[in-house]
Amino acid sequence: MARKIGSRYTAHQILGRGSAGTVWLGEGPEGPVAIKLLREDLASDQELVGRFVQERTALLSLDHARVVGVRDLVVDGNDLALVMDLVRGTDLRTRLERERRLPPEAAVAIVADVAEGLAAAHAAGIVHRDVKPENVLLDMQGELGPGGSHPALLTDFGIAKLIDTPRRTRATKIIGTPDYLAPEVIEGLPARAAVDIYALATVLYELLAGFTPFGGGHPGAILRRHVTETVVPLPGIPDELWQLLIQCLAKAPASRLRASELATRLRELQPLLVGLPPLDVDEPETEPDPDEEPEPSAQAPQEPPEKPRRGAVSLVPGSAPKDSNRDTHTSMRVPAPDELAGGARGTARAPRAHGSPRPGSARNRHATRRRRITLGAAGLVLVAAVGGGVWAATSGSDEAPPVDSNNSAPTEP
């Protein structure tokens, strides 16, 4: 059912729902638009509305080919809405859900587009603070780029800043999407331009690998990995691209490139990536607490259940809304230093060759236990055979090597 948004716009159809509100296909004086109608609890907060109105000039002035333009801000009763350019295509999360990972050439082209949009925003003094695939739109009507990639545009500028006001979250809270949060934000420092570079490098890693470098498990564990763990190399990509990735994923904000530098470097790397296929790596398994992991039976060892695919919300025409099974935007307290220190086991999530279990993973431990059961059964057969007077010789040896029954599964360094 159509609804009026202010005096100039009409919302006709819901395109998707996000953490901050609902996106509608709408109509305005100049034709079709996308209208992001913010949540009622946000629209009813007068201090928040006043602050957002102050940001109106900056948002309206951000005019760049790689940024979804904001045309208007509507404050009407309980309605607070952003009127934006309509991008006919899909969001990057939806493409990832469909393809799982992209060829390096296409992934780098998309991220270079977004980096150019961020460069324009940072030059205007605007930090996005929530760069992630859900906020990258692919223009299906635009000219194809390297690797057959569609032009990418960054959207939702100002939304994270709108929600993350001092009165709503206080200094003890952080707001954002855990998989893409920079370490300095987790430690309670102000969000500067470098946080967008860290998030965008995380997106590039995800486009290449099919998973984020520090994601998986409870949000608290994800935050700890961002602060304490070093990203593990991805096999199969040129070293020049990998070095660029780890520089932009540096824990120290000053070590990361600026957005304009990142865009330039990525464009320069394009010739090295022509024709490279998507990487063939498996997502690391999320480790359960070993004290709570049930012991599989000897008769029917069970493999871990298949992980559900990550969900998405559609923000533009061409993709149906879906339920999300992951936190895409969350509010959490700032972890204490001892909580970020990690433990003896560490939390690194190393990519693996396709089909092989990661050392120390649940799947690896199940396989080790099955081998122990097999060895134990073989030992019983041997004892029974010797007891029956049967003598067996081993090849090239007078006695079999001892079996250490206390041998444990390999653990992560």
Side-chain angles (χ1 to χ4, degrees), residues 18-19 92-93 96-97 101 128-135 160 163-164 169 172-189 191 194-234 245-246 248-253 256 281-290 292 304 307-312 324-352 358 360-362 412:
S19 57
L92 186 54
R93 172 64 65 198
L96 266 179
E97 287 294 323
R101 59 179 66 91
H128 190 286
R129 303 208 290 180
D130 198 21
V131 176
K132 58 187 178 183
E134 287 84 348
N135 287 336
I163 300 174
D164 190 12
T169 63
T172 59
K173 290 289 187 75
I174 51 177
I175 282 190
T177 307
D179 282 30
Y180 310 92
L181 278 176
E184 63 268 28
V185 176
I186 297 168
E187 293 178 318
L189 298 177
V195 307
D196 288 343
I197 302 303
Y198 185 93
L200 185 55
T202 301
V203 171
L204 177 54
Y205 187 105
E206 184 176 16
L207 296 181
L208 294 169
F211 51 89
T212 55
F214 301 112
H218 189 274
I222 298 173
L223 300 185
R224 184 174 66 249
R225 294 187 195 112
H226 280 296
V227 175
T228 63
E229 295 296 331
T230 301
V231 64
V232 180
L234 283 174
L245 253 179
I246 60 176
C248 293
L249 287 171
K251 307 301 182 188
R256 300 171 203 150
V281 293
D282 284 343
E283 180 172 1
E285 297 173 6
T286 300
E287 288 298 306
D289 187 331
E292 298 180 2
K307 293 181 64 177
R309 297 293 297 276
R310 291 173 171 174
S324 176
N325 64 355
R326 63 194 290 264
D327 289 329
T328 59
H329 204 82
T330 189
S331 173
M332 298 182 64
R333 63 183 177 82
V334 176
D338 59 327
E339 294 177 288
L340 294 174
R345 292 184 297 134
T347 52
R349 289 160 37 87
R352 302 170 280 117
R358 179 166 60 89
S361 69
E412 297 180 12

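We number each residue from 1, following the sequence as shown.
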>> So which atom in R129 and which in A191 form the shortest heavy-atom distance, rounded to 0.1 Å?
In response: CD-CB, 3.2 Å
> If we only count heavy atoms from C-beta on, is the D179 to F214 side-chain gap below 4.5 Å?
Replying inline: no
> Distance from I197 atom CD1 to H128 atom NE2, nearest 0.5 Å?
Replying inline: 12.5 Å
> CG/L207 to CG/L92 distance, rounded to the nearest 0.5 angstrom?
Replying inline: 5.0 Å
>> Please report the interatomic distance CG(L223) to CD1(I186), rounded to the nearest 0.5 Å.
In response: 4.5 Å
> What are the two closest non-hydrogen atoms of P133 and V203, and how far apart are they?
Replying inline: CD-CG2, 3.9 Å
>> Would you say that L245 contacts V231 through its side chain, given a criterion of any heavy-atom pair below 4.5 Å between the two side chains?
In response: no
>> With rounding to the nearest 0.5 angstrom, report the NZ to CG distance, K132 to L200.
In response: 14.5 Å
> Which pair of heavy atoms, one from L249 and one from T202, lies closest together, and at what distance?
Replying inline: CD2-OG1, 3.5 Å
> Relative to the ring of Y205, is the ring of F211 parallel (under 30°), tilted (30 to 60°) or perpendicular (over 60°)?
Replying inline: perpendicular
>> Holding to side-chain contact (heavy atoms from CB on, under 4.5 Å), I want the full list of residues that pass it with P253, two or more places apart in sequence or in another chain.
In response: E184, A194, R256
> Counting distance only, does the side-chain N/O of K251 pair as donor-acceptor with the main-chain N or O of E229 below 3.5 Å?
Replying inline: yes
> How many angstroms lie between CD in E134 and OG1 in T177, if you round to the nearest 0.5 Å?
Replying inline: 7.0 Å
> Can you name the nearest heavy-atom pair linking Y198 to A182, along with the distance?
Replying inline: CD2-CA, 3.5 Å
> What heavy-atom pair brings A209 and L234 nearest, and what distance separates the two atoms?
Replying inline: CB-CD2, 3.6 Å
>> Is it the case that the side chain of H226 and the backbone of G215 share a donor-acceptor pair, with hydrogens and angles ignored and the cut-off at 3.5 Å?
In response: no
> Which distance, rounded to the nearest 0.5 Å, do you find between the CZ of R93 and the CD of E206?
Replying inline: 4.5 Å
>> Within the structure provided, determine whether V195 and Y180 are in side-chain contact (heavy-atom separation under 4.5 Å).
In response: no
